[in-house]
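Data block below; observations after.
Side chains are part of it too, since the values below use all heavy atoms of this structure and drop only hydrogens, waters and symmetry mates. Reminder, nothing fancy here: chain letters follow the sequence lines and each chain counts from 1.
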Amino acid sequence: MDKFILGGVELNSRLFIGTGKFPDKKIIPEVIKASESKVITMALRRVDLNSKEENILDYIPEDCILLPNTSGARNAEEAVRIARLAKAMGCGNWIKIEVISDNKYLLPDNHETIKATEILAKEGFIVLPYMSPDLISARNLVDAGAAAVMPLGAPIGTNRGLQTKELIRILIDEISLPIIVDAGIGKPSHAAQALEMGAEAVLVNTAIATAQDPVKMGRAFNFSVKAGRIAYLAGASGQKLYAEASSPLTGFLNE
Amino acid sequence: MSFYNKYLKVKDIDFSSFFEKITESHILKAINKEALDVYDFLTLLSPIAQNFLEEMAQKSHEITIQNFGRTMQLYTPMYLSNYCVNKCSYCGFNLCNDIKRKKLSLREIQEESKAISSSGLRHILILTGESKKESPLSYIIDGVKAVKKYFDSISIEIYPLTEDEYREVIRAGVDSLTIYQEVYNETIYDRVHIAGPKKNYRFRLDAPERGCRAKMRGVNIGALLGLDNWRKEAFFTGLHGKYLQDKYPDVEISISLPRLRPHIGSFNDIYSVLDKDLVQIILAQRLFLPRIGLTISTRESQSFRDNLIPLGVTKISAGVSTEVGGHSSNTKSDSQFEICDKRNVEEIRKMLLSKGYQPLFKDWMAI
């Protein structure tokens with residue numbers, strides 16, 4: 001049985017989706033339904049509890065896990081404050097750490113992300129840190145108590161796919177925590193590729209939110225993530241299978 | 001190092017001879033490049049580029065959707081005081097203009113905040129004229145504290161402050177700074193700012209940078225289009241934006257594109273900026289600076305603003321009054337300039353949704 005357990009919860013979907021950039025918040029429930037996603041991220045800075053109509057939380061089904069993110073945080077201290085606010089506002093104890101001090105490329109600050117992860121994990125948060133794929137930082141995140149590591153495939157919003165493929169592959173091989181590819185996934189085929197490689201899940205926002213038909217695109221990602229996972233389990237061609245018995249070139253040595 | 005050093009290097013370039021050499025292939029090449037350099041930017045501001053507005057618009061639309069999604073940030077200005085010691089030839093608040101002056105009391109600021117926040121807006125831009133007597137920093141800080149409980153994001157558009165003073169307003173609750181250079185051309189700057197502290201060009205030019213150093217979350221710059229040749233002014237504004245973005249990557253830099261509007265006073269020395277000119281500026285800025293915020297105010301007409309929405313704009317004002325006390329008081333002041341798009345917040349909200357854009361009322365919170 002292929003189970004995906006994260007933060008002590010068994011998840012039925014390996015597709016996480018974001019709620020920014022949609023033309024109308026009202027279509028978000030339909031997108032979630034079509035994508036079958038169970039983990040939904042939203043920028044806490046956009047949550048408006050004062051407004052019933054404009055409150056993003058009202059558009060997220062109750063059976064989904066809320067994954068508030070710390071978008072807007074420029075350092076660990078701000079990320080920690082946002083995470084605590086999220087908890088106080090009733091968004092649960094899952095948090096996606098986003099520390100970005102570069103508004104040009106929106107690249108994460110791994111150093112500050114590690115610091116925030118350590119503080120929040122100690123406070124009992126299920127911490128999912130968004131990071132630039134770097135093995136040493138990923139190891140530090142493991143030590144800091146992260147529940148998963150979320151490397152970027154390409155800068156946020158660029159839809160360029162797995163530009164950092166080799167670095168992500170190293171994380172998949174070396175890091176014991178689930179690797180969830182976040183950012184840069186622009187097409188369902190990119191998501192499939194990430195899962196085929198052995199990423200446990202992907203997080204997608206821009207590609208769905210800015211599609212002509214976000215609901216249909218949500219469905220397409222749902223299928224691609226499932227296909228990618230099945231392909232991984234099936235051992236896609238080209239993968240090194242250590243269990244392979246036959247040794248056509250060196251078998252003579254054992255004769 | 002200040003942007004002034006950069007400005008000195010480009011202020012005397014021969015724009016006309018540069019523009020004369022631009023061909024259609026230069027323009028197409030600039031449009032199709034992934035990262036534009038300053039020459040590409042100036043190419044897209046050339047007269048001949050006006051024949052390629054549709055191509056530029058397609059690219060600008062695509063980049064904007066990718067970076068900002070189908071969303072539009074909403075805000076409204078709140079005028080605290082229109083007392084002003086400056087004599088700026090283009091402004092209704094000019095010391096010499098015989099207008100009705102008003103300054104809101106703290107109670108009135110709260111009334112005004114209540115009235116504005118009831119429309120659902122969570123981002124406010126507070127403005128004052130420049131008067132150390134009527135609107136000193138202490139008054140502005142008290143004002144910020146008074147509006148704080150009604151809004152999630154507070155921007156200021158006031159006279160330039162020192163870095164320490166910016167830190168002080170940030171501590172009081174301000175997160176963003178808007179300060180327009182008005183006109184980058186130093187000679188014209190000196191001419192239109194007839195008297196008053198605003199005559200100090202350098203102090204104003206370096207104000208956005210002081211705001212960045214003080215750790216403002218957002219800094220918004222702009223030139224008042226119409227005070228000089230717009231191609232040059234748009235170029236200098238874009239360079240200023242890039243300078244700040246490169247040097248302070250943790251600050252969200254944005255550019256406003258205000259066109260001179262009719263106002264009380266007699267200034268008529270205006271360089272024409274047609275609708276298609278403003279469109280060209282928006283598109284060139286977006287292609288040059290893909291991540292920069294672009295703001296259009298209610299100075300522009302309803303139908304024109306609606307058409308600008310998919311072209312690269314990320315922030316618009318709604319439910320605007322440029323009078324002190326304009327949202328809640330029976331004894332409001334005269335206005336700074338005439339607004340053109342008089343729609344209220346609900347009307348703007350509906351218009352955005354009908355065009356496939358999500359109105360963003362809240363995109364920040366005090367942390």
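Your options are B/Trp364, B/Tyr248, B/Phe68, B/Tyr357, and the one with the most heavy-atom pairs under 4.5 Å with chain A is B/Trp364. Here A/Thr158 is the residue among A/Asp109, A/Thr206, A/Thr158, A/Asn159 with the most heavy-atom pairs under 4.5 Å with chain B. Among B/Ile253, B/Asp250, B/Asp363, B/Val251, the residue with the largest count of heavy-atom pairs under 4.5 Å with chain A is B/Asp363.
What you find for A/Lys21 and B/Thr71 is that their closest heavy atoms are CA-CG2, 3.7 Å. Looking at every heavy atom in both residues, B/Gly356 comes nearest to A/Pro23 through O-CB, 3.1 Å. Contact detail for A/Val47 and B/Lys362: the closest heavy-atom pair is O-NZ, 2.7 Å.
For NZ of B/Lys247, the number of neighbouring non-hydrogen atoms (other residues, nucleotides, ligands) closer than 6.0 Å is greater than 12. Enclosure of atom NZ in A/Lys216 is not indicated, since only 12 or fewer non-hydrogen atoms of other residues, nucleotides or ligands lie within 6.0 angstrom. Shown here is A/Lys104, whose NZ atom has more than 12 heavy atoms of other residues, nucleotides or ligands within 6.0 Å. The number of heavy atoms from other shown groups lying within 6.0 Å of NZ (B/Lys33) is above 12.
Contact check for A/Asp48 versus B/Met365: no side-chain heavy atoms found under the 4.5 Å cut-off.
The part of B/Asn67 that comes within reach of chain A is its backbone (N, CA, C, O), which places non-hydrogen atoms under 4.5 angstrom from that chain. For B/Leu289, no part lies near chain A; criterion is any non-hydrogen pair under 4.5 Å. Heavy atoms of B/Arg70 lying under 4.5 Å from chain A belong to its backbone as well as its side chain. Using a 4.5 Å cut-off between heavy atoms, B/Leu353 touches chain A through its side chain atoms alone. In this structure, the portions of B/Lys215 lying under 4.5 Å from any heavy atom of chain A include both its backbone and its side chain.
The line from CZ of B/Arg122 to CZ of A/Arg45 is 15.5 Å long, rounded to the nearest 0.5 Å.
Listed by sequence position, A/Gly72, A/Arg74, A/Glu78, A/Arg81, A/Ile82, A/Leu85, A/Met89, A/Ser101, A/Asp102, A/Asn103 are the residues of residues 72-103 of chain A in contact with chain B, using a 4.5 angstrom heavy-atom cutoff.
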